[in-house]
Asks: 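Right, I'll just put the structure down here and ask away after.
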Amino acid sequence: MAKYLKYTKNFYFVFTVLFIVWMVLIDSNDIISHFKLRSKLSDLKDQKAYYQERKEKIQAEREALLSNFELLEKFARERYLMKRKTEDLYVIVEE
């Protein structure tokens with residue numbers, strides 16, 4: 001026991017222990033916050049990859065629509081219920 005009391009009287013040892021406790025548990029940039037931020041960063045990177053992939057897919061579809069008139073007409077008819085002047089349009093709503 002006297003061995004441990006010898007260390008507690010040393011200013012540098014006490015200061016170092018208090019500093020480590022402060023940095024690990026009390027400070028606003030503690031270890032727990034770093035782990036939370038690191039996990040959030042990895043989630044955001046996954047979302048970024050997903051949205052970049054989706055953006056590329058949408059751009060490819062857009063290029064296909066703009067280059068092919070028949071595909072553009074099909075898209076407009078299905079999505080926006082467009083029709084020609086000589087046609088009648090019937091919308092069937094399922095209940």
Asks: Against Lys55, only a single residue in Gln59, Lys57, Glu53 fulfils side-chain contact (heavy atoms from CB on, under 4.5 Å); can you say which?
Replies: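 Exactly one pass, corresponding to Gln59.
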
Asks: Would you say Leu25 has more than 12 foreign heavy atoms packed within less than 6.0 Å of its CG?
Replies: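 Atom CG in Leu25 is packed in, count exceeds 12.
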
Asks: To the closest 0.5 Å, what do you measure between CG (Asn29) and CD1 (Ile31)?
Replies: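 Taking CG in Asn29 and CD1 in Ile31, the distance rounds to 11.5 Å.
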
Asks: Quick check: are there more than 12 heavy atoms from other residues, nucleotides or ligands sitting under 6.0 Å from CD of Glu87?
Replies: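 More than 12 heavy atoms, drawn from other residues, nucleotides or ligands, come within 6.0 Å of this atom.
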
Asks: Quick one: does Met23's side chain get under 4.5 Å of Asp30's, heavy atoms only?
Replies: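 The answer is no; the side chains never approach within 4.5 Å.
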
Asks: Of Thr16, Leu18, Val17, which is the lone residue that meets side-chain contact (heavy atoms from CB on, under 4.5 Å) with Ile20?
Replies: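 Of the listed residues Thr16, Leu18, Val17, the side-chain contact (heavy atoms from CB on, under 4.5 Å) partner of Ile20 is Thr16.
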
Asks: What distance separates Asp43 CG from Lys48 NZ, expressed to the nearest 0.5 Å?
Replies: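 Interatomic distance, Asp43 CG to Lys48 NZ, rounded to 0.5 Å: 14.5 Å.
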
Asks: To the nearest 0.5 Å, how far apart are CD in Glu61 and CG in Leu71?
Replies: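 One gets 9.0 Å once the value is rounded to the nearest 0.5 Å.
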
Asks: Got a second to check how far Glu56's CD is from Tyr51's OH, nearest 0.5 Å?
Replies: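 Between Glu56 CD and Tyr51 OH, I get 15.0 Å after rounding to 0.5 Å.
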
Asks: Nearest 0.5 Å, please: how far is OG in Ser33 from NZ in Lys40?
Replies: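 Between atom NZ of Lys40 and atom OG of Ser33 there are 12.0 Å.
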
Asks: Tell me whether Leu72 shares a hydrophobic cluster with Met82, the cluster being built from Ile, Leu, Val, Met, Phe, Trp, Tyr side chains joined at under 4.5 Å.
Replies: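 Both belong to a single hydrophobic cluster.
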
Asks: Would you kindly confirm whether Tyr12 and Trp22 end up in one hydrophobic cluster when ILVMFWY residues are joined by side chain heavy atoms under 4.5 Å apart?
Replies: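 No, Tyr12 does not connect to Trp22 through the hydrophobic network.
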
Asks: Check this for me: Gln47, atom CD, are more than 12 non-hydrogen atoms of other residues, nucleotides or ligands nearer than 6.0 Å?
Replies: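 Yes.
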
Asks: Going by an N to O cut-off under 4.0 Å, is there a salt bridge joining Arg77 and Glu73?
Replies: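 Glu73 and Arg77: salt-bridged.
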
Asks: Does Lys83, at its NZ atom, have more than 12 non-hydrogen atoms belonging to other residues, nucleotides or ligands within less than 6.0 Å?
Replies: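 It does: Lys83 NZ has more than 12 such atoms within range.
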
Asks: Supply the atom-to-atom distance Arg79 CZ to Leu65 CG, rounded to the nearest 0.5 angstrom.
Replies: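 If I round to the nearest 0.5 Å, the distance is 9.5 Å.
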
